[in-house]
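Reviewing the structure listed below.
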Amino acid sequence: MTMTKRNKAFLLIGLLAALLLAGGVSYYASDSPDGLNRVAADKGLDQQAKDHAAEDGPLAGYSVKGVGNERLSGGLAGVAGVGITLLAGTGLVYVVRRRNAGSLRDDDGDDPGRAGLAGQHR
Amino acid sequence: MHVPDGFFDVPVSVGGGVVAAGGVALCLRGAHRELDDRTAPMAGLVAAFIFAAQMINFPVASGTSGHLLGGALAAILVGPYTGALCVAVVLLVQGVFFADGGLTALGINMVDMSLVTVLVGYAVFRGLLRVLPSTRKSVVASSFVAALVSVPAAALSFVLLYAVGGTTDVPLGQVATAMLGVHILIGIGEAFMTALTVASVMATRPDLVFGARHVLPTLELRTTPATVGGS
């Protein structure tokens with residue numbers, strides 16, 4: 001895929017904004033339970049709630065395990081999350097694009113040959 | 001709005017997983033119609049941006065917070081199929097790496113926060129654009145309302161699922177009222193964040209806003225030899 005300088009600049013600025021939010025601003029986010037958790041606690045929806053299977057993971061709870069400083073730990077976890085999500089999202093799009101490129105004709109979304117080809121991948 | 005493990009019984013958890021898997025499969029098929037040289041690099045960024053924005057919980061009432069869900073935003077920026085995939089990726093990363101959202105509830109979370117927000121948000125967005133004048137302001141205003149409506153829609157979807165397969169016997173009417181009330185407030189925050197983001201992209205690169213394509217056909221990129229060397 002072609003990538004112009006303008007597109008690169010835009011993507012870079014967008015990524016910087018995401019890193020700033022996850023790595024810095026997130027420290028100032030509200031610690032209160034979110035709407036669902038609050039209602040669940042108030043009305044008793046959570047009486048059978050179970051601990052998360054990955055609650056001892058290195059990034060569980062948006063903090064890096066072993067980093068004592070709360071701001072640093074949360075910021076690093078946020079940056080890691082942005083990186084993981086960017087890779088996963090871009091990777092998925094790349095796979096979908098490759099599937100597209102394998103069809104008979106490009107640019108025409110209504111290509112009847114495409115549905116069959118896409119189906120073969122599953 | 002991430003549902004933890006243990007809120008839902010096995011049948012509804014499995015059912016949610018099946019619906020989510022079907023939705024993702026449908027989106028994988030639909031997404032390649034939306035992905036071109038402009039939207040494809042945007043999709044990864046949109047997912048990363050939504051992950052970041054979801055970390056910013058804002059206070060909505062005493063002792064209660066909310067955060068962006070991002071379905072409406074993603075659908076408007078990169079298209080509904082690709083947008084739903086972006087949010088699904090965010091939910092998967094949060095569940096697996098950050099212990100946010102139960103792994104057995106991943107399907108339910110994808111249904112509520114990816115499929116429902118995208119379906120409702122994008123339908124409202126396109127419906128409004130059909131009746132509003134074809135201007136940038138209309139795109140931003142429509143994104144505001146679309147985001148606002150998408151959050152209580154997701155909350156309602158949760159309550160309906162809980163009515164079918166919740167693990168605790170609770171007064172459902174009260175739960176529905178409480179969920180809708182607080183998520184209308186969160187929806188207002190979602191609306192401002194979505195409109196602000198869409199307005200920012202519209203101001204700098206309107207050609208990168210998928211949902212504005214039908215509104216701004218004159219903004220197609222054109223290459224003219226006369227502009228070579230000038231920028």
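Just so we're on the same page: letters track the sequence lines, and every chain starts at 1.
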Inset, instruction - Verify, without hydrogens or angle tests, whether A/His52 (side chain) and B/Pro4 (backbone) share a donor-acceptor contact under 3.5 angstrom. - result: no

Inset, instruction - Please determine, among B/Phe8, B/Phe49, B/Phe58, B/Phe97, the option with the most heavy-atom pairs under 4.5 Å with chain A. - result: B/Phe97

Legend entry - Flag side-chain contact, heavy atom, 4.5 Å: A/Arg97 against B/His32: no

Inset, instruction - Against chain A, label B/Val46 side chain, backbone, both or neither, depending on which of its atoms sit under 4.5 Å from a heavy atom there. - result: neither

Legend entry - Largest heavy-atom contact set with chain A, pairs under 4.5 Å, which of B/Ile50, B/Val182, B/Asp100: B/Asp100

Inset, instruction - Name the member of A/Ala77, A/Ser63, A/Ala60, A/Gly91 that forms the most heavy-atom pairs with chain B at distances under 4.5 Å. - result: A/Ala60

Legend entry - Crowding at OH, B/Tyr122 (>12 non-hydrogen neighbours, <6.0 Å): yes

Inset, instruction - Under 4.5 Å heavy-atom distance to chain B, tell me which part of A/Asp42 shows up: side chain, backbone, both or neither. - result: neither

Inset, instruction - Would you mind telling me which of B/Val175, B/Thr197, B/Ile186 has the largest number of heavy-atom pairs within less than 4.5 Å of chain A? - result: B/Val175

Legend entry - Validation row: B/Val201, A/Phe10 side chains within 4.5 angstrom (heavy atoms): yes

Inset, instruction - Counting only heavy atoms closer than 4.5 Å, note whether B/Val60 contacts chain A via side chain, backbone, both or neither. - result: neither

Inset, instruction - Go through the atoms of B/Leu208 and report whether side chain, backbone, both or neither lie under 4.5 Å from a heavy atom of chain A. - result: side chain

Legend entry - Heavy-atom pair with the smallest gap, counting every atom of A/Leu45 and B/Thr167: O-OG1, 4.4 Å

Legend entry - B/Met179 versus A/Leu36, closest heavy-atom pair with distance: CE-CD1, 3.7 Å

Legend entry - B/Thr104 portion near chain A, given a 4.5 angstrom heavy-atom threshold: neither

Legend entry - Over all atoms of both residues, closest heavy-atom pair of B/Thr64 and A/Ser32: N-CB, 3.8 Å

Legend entry - Heavy-atom donor-acceptor pair, A/Arg38 side chain to B/Gly63 backbone, under 3.5 Å: yes

Inset, instruction - Please report the shortest heavy-atom distance between A/Ala88 and B/Val89, naming the atom on each side. - result: CB-CG1, 3.7 Å

Legend entry - Check: A/Asp34 side chain, B/Met1 main-chain N or O, donor-acceptor pair, under 3.5 Å: yes

Inset, instruction - If the plane angle is over 60° it's perpendicular, under 30° parallel, otherwise tilted; pick one for B/Phe51 and A/Tyr62. - result: tilted

Inset, instruction - Mind checking the OG1-CG spacing from B/Thr168 to A/Asp46? Nearest 0.5 Å is all I need. - result: 7.5 Å

Inset, instruction - May I ask you to name which of A/Asp56, A/Thr90, A/Val39 has the most heavy-atom pairs under 4.5 Å with chain B? - result: A/Val39

Inset, instruction - Could you tell me which portion of B/Leu45 (side chain, backbone, both or neither) has an atom closer than 4.5 angstrom to a non-hydrogen atom of chain A? - result: both

Inset, instruction - For each of B/Ala52, B/Ala99, B/Ala155, tally heavy-atom pairs with chain A at distances under 4.5 Å, and name the one with the top tally. - result: B/Ala99

Legend entry - Contact check, side chains of A/Asn7 and B/Arg205, non-hydrogen atoms, under 4.5 Å: yes

Inset, instruction - Specify the closest pair of heavy atoms between B/Ile56 and A/Leu21, including all atoms of both residues, with the distance to one decimal. - result: CD1-O, 3.5 Å

Inset, instruction - Let me know if B/Phe158 has heavy atoms under 4.5 Å from chain A in its side chain, its backbone, both or neither. - result: side chain

Legend entry - Minimum-distance pair of heavy atoms, taken over all atoms of B/Ala31 and A/Val96: CB-CG1, 4.1 Å

